[in-house]
Amino acid sequence: MASRKPARISFSSITPNNLGTLRKLNSVLFPIRYSEKFYQDVLLPELEDFCKLVYFNDVPVGTICCRLETKDGQTKLYLMTMGVLAPYRDRRLGSQSLELIFGAASHKKLKISHIYLHVQTSNGEAKRFYERHGFKEVGIHENYYKKIQPRDAWILQRGVQSGESTEQQ
């Protein structure tokens, strides 16, 4: 009886050499087009731990991109995009991507207080996914999306150290 090798999940930092892969995955995964500024920002050295390509058996199948925001002396991590190609979902790729980000956020000298994101109100599946990972709904951002329907988004948030949600700032 031949044994199958377990699938290998790996992550790669975004670089100028694989930026085209990120662009292609984003065009397939998300209903909006991201600006050139988005793609230049994900290359910033301070975001290397927070912007990754997700590989399944050496094939790029997903992305996760975050940005740091500091306001009133408090640093938050905004999860801008996270997606996995449909045939590769339900293989823990999204969960492992979040775990990678949680680990990076908790070990940084940046003192990140919490992580937050927006989820389109029509995407209950994504909301449930994030809630399973400790995020809580802290509000609704009306008219968050300008070019897609519905325009509203849930704001989901989670504390970095405890995994607990924190109040919206």
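Values below: all heavy atoms of this structure, side chains included; hydrogens, waters and symmetry mates excluded.
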Does any donor atom in the side chain of S13 or K52 lie under 3.5 Å from an acceptor atom in the other side chain?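 There is such a pair between these side chains.
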If I compare all heavy atoms of [X] with all of [Y], which pair ends up nearest, and what's the gap?
X: V54; Y: S97; value: CG2-OG, 3.4 Å
X: L68; Y: E46; value: CD1-O, 4.2 Å
X: I115; Y: F135; value: O-CE2, 3.6 Å
X: V119; Y: A126; value: CG1-CB, 3.9 Å
X: L79; Y: L117; value: O-CB, 3.6 Å
X: A104; Y: F50; value: CB-CE2, 3.7 Å

Quick check for you: to the nearest 0.5 Å, what is the distance between [X] atom [atom1] and [Y] atom [atom2]?
X: I101; Y: L77; atom1: CD1; atom2: CG; value: 6.5 Å
X: H114; Y: Q157; atom1: NE2; atom2: CD; value: 3.5 Å
X: M82; Y: F30; atom1: CE; atom2: CZ; value: 8.5 Å
X: Y55; Y: L93; atom1: OH; atom2: CG; value: 13.0 Å
X: K76; Y: T70; atom1: NZ; atom2: OG1; value: 9.5 Å
X: E48; Y: S12; atom1: CD; atom2: OG; value: 9.0 Å

With distance as the sole test, does [X] use its side chain to make a donor-acceptor pair with the main-chain N or O of [Y] at under 3.5 Å?
X: R158; Y: H133; result: yes
X: N26; Y: R23; result: no
X: R8; Y: D58; result: no
X: T63; Y: L53; result: no

Side chains of [X] and [Y]: does their closest heavy-atom pair fall under 4.5 Å?
X: L22; Y: L25; result: no
X: T121; Y: E142; result: no
X: T75; Y: E69; result: no

Where do C65 and F38 land on the side chain to side chain contact (heavy atoms under 4.5 Å, CB included) test, with the steps shown first? CA-CA 9 Å; C65 294; F38 172 93; 4.0 Å; yes
Between I148 and Q120, does the side chain to side chain contact (heavy atoms under 4.5 Å, CB included) criterion hold? Intermediate values first, please. CA-CA 9 Å; I148 57 175; Q120 192 174 21; 3.7 Å; yes
Would you indicate whether [X], at its atom [atom1], is surrounded by more than 12 heavy atoms from other residues, nucleotides or ligands within a distance under 6.0 Å?
X: D90; atom1: CG; value: no
X: E36; atom1: CD; value: yes
X: Q149; atom1: CD; value: yes
X: K147; atom1: NZ; value: no
X: Y144; atom1: OH; value: yes
X: E99; atom1: CD; value: yes

Please lay out, stage by stage, how V42 and L47 fare under the test side chain to side chain contact (heavy atoms under 4.5 Å, CB included). CA-CA 6 Å; V42 299; L47 296 180; 5.6 Å; no
Does F129 have R89 sitting over its ring (NZ/CZ under 6.0 Å from centre, angle to axis within 45°)?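 The answer is no, since R89 fails at least one limit relative to F129.
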Test L156 against Y116 for side chain to side chain contact (heavy atoms under 4.5 Å, CB included), laying out the working first. CA-CA 6 Å; L156 304 178; Y116 78 104; over 6 Å; no
